[in-house]
Each structure stands twice: as structure tokens, then as C-alpha cells.
Peer 1: 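First the structure, which I've put down as C-alpha cells, then a few questions once you've had a look.
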Amino acid sequence: MKMSKIGHRLMGLAVAGAALAAGGMAFANELGQPAPWEMTLQGSASPVMDNITWFHNFLLGLITVITLFVLVLLVMVVVKFNARSNPVPSRTTHNTLIEVAWTLIPVLILVGIAVPSFRLLFLQLDIPKADMTVKATGKQWYWSYSYPDNGKFEFDSLLVQDKKPRLLGVDNEMVVPVNKVVRIQTTGADVIHAFAVPAFGIKIDSVPGRLNETWFKATKTGMFYGQCSELCGKDHAFMPIAVRVVSEQEFATWVEGAKKKFATNPGNTFASAGASAQ
Ligand SMILES: [Cu+2]
């Protein structure tokens, strides 16, 4: 009776575990936002993030193989060469072949890591010819976006308490067209913030008095969320970044609406944040 009760509980636990795992799997690939039980990187929606994901998986595979190899060697040493099984140790001190191998192979591995690593670094830092620019200004504690190429309007983007997804929903999203190279220029109006959107593989500091640049090309439409990623004060956790990626036509329509909607925005002296940061 007692055993069956324990068995029952164990089975319940197993089922719960499996359900959680399955739930995690189902959520893991949700695009543009974090998910419960997520173990991998967020889904990618830009060429840079595709590369980051590939590089991460490549390194994870490589380090797994190396770690297992070292573990096997250690186990062999422990089992074969302990005092009991190997009472008379060999007095060998050098083996040229092995010494050359254990110098050369790690060098080759490092070169194999360096090549894709530098390629990725150049992809991130060498900004291609931009189709448009969005300037993101970090403020305590919200973001302001301005569109210098699309009519010089600027608006604020604040967290909306009850909006889903929780702590990520904002009143005015940043909107960009799909498959266009968007240059992000960012600065801080008061303290250092950081503009980060995982699905696009971007994270860059927003520093008062400086204009930092990065870029992304969103390859999918939809909502993509990020957060300020530099401790910036008491509401640091409550200044999300919400990017809505739409078709080119929808973007043009949005620009027309935004120009009117934000025409009377009190903070709409273009690049005012940059000036106040000097
Ligand atoms: Cu911040």
C-alpha cells in the first residue's frame, strides 16, 4: 500500500516534469520575447543573430568534446595509474610526438575559433549601407525614438503596466520595415543605459554625450522585445524596448500617422536629448 502510494507520487512527479519539459519546448522557440523554461538563445530574426546562434552552438559542441576528452584522460589516469594497479611507475619524462601534438592541436583549435569569431565581430561592427536610421535615446526610465530619415518626428515609449507581455509592453512601439538595414544610433540623456534586442543580436551602451551605432536587418515581421541592459537607476527594470517589424507598405502608413500623432510632442525638438547630454 505504502509502496504504491510512493510509486504514484513518483509517477505524478515524472508526468509533471515531462509536462514542464514539453511546455518549455513549446515556448522555447517563441520569437521576440523570453519564455518560461527557455534554455537556448531567443529565436533569431536577423543575420547577425543567426551568426551568433551558430557560433554559440559551434562553441558549445567544441567545448563539450574537449571536456569529455579531458574527462576520459583523467578517468584513465585514476584507474590505470594509481599506486595499487601500477606499483612500479615508468620513469619516462619526454615524448616529443605527444608534446608537439598537445601544443599544435590547441593552437589549431584556437585558430578555428578565431576565424568565425572575427568574421562575426566584423559583421556586427561594420555597419552596411543603411536604409534608414532610428535614434534611440535612453532616459530615466523610458526610451525616446526619433526618425531623422522619415520626417524628423520623435516620441516616447513607456512601459504600460497591464499590457502583455508583462513588463515588456509599451505605449508607443518603435516601428521598422522588414528586410531593411536599420541603423540604430543611441545615446543617454541622463545616465548610461543600453539598447538591447536579443532576437536581432544587438546590445550597445547608450552613453550621455556619445552617439553609439549598431545595426540590424529584421528578417521576420512581428513584435520583438528587449530591455535596457545597463543598471540605470530604480526603474531600470521597467524601461523595455518594443520593436514592431512590419511590411514596407505598413511602415509607410505608420510614418504618415506618426508624423501627425507626434507633431505636437512637447519633447519633439529633434536631437534635444543629444544637446542636453553635451
Ligand atoms: Cu536604462
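Both ligands and their constituent atoms are indexed starting at 1 by order of listing.
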Peer 1: Answer yes or no: is there a side-chain heavy-atom contact under 4.5 Å between V246 and V175?
Peer 2: yes
Peer 1: With the side chain counted from C-beta on, respond yes when F251 and N150 share a heavy-atom pair under 4.5 Å apart, and no when they do not.
Peer 2: yes
Peer 1: Is the W254 to F153 ring centre distance short of 6.0 Å?
Peer 2: yes
Peer 1: Looking at the Cu ion (ligand 1), is one of the N, O or S atoms of S229 less than 2.8 Å from it?
Peer 2: no
Peer 1: Taking the Cu ion (ligand 1) as the vertex, measure the angle between atom ND1 in H193 and atom SG in C232; round to 10°.
Peer 2: 100°
Peer 1: Any luck finding a side-chain donor-acceptor pair between S144 and T137 under 3.5 Å?
Peer 2: no
Peer 1: Where the Cu ion (ligand 1) is the centre, what is the SG-to-SD angle for C228 and M239, rounded to 10°?
Peer 2: 110°
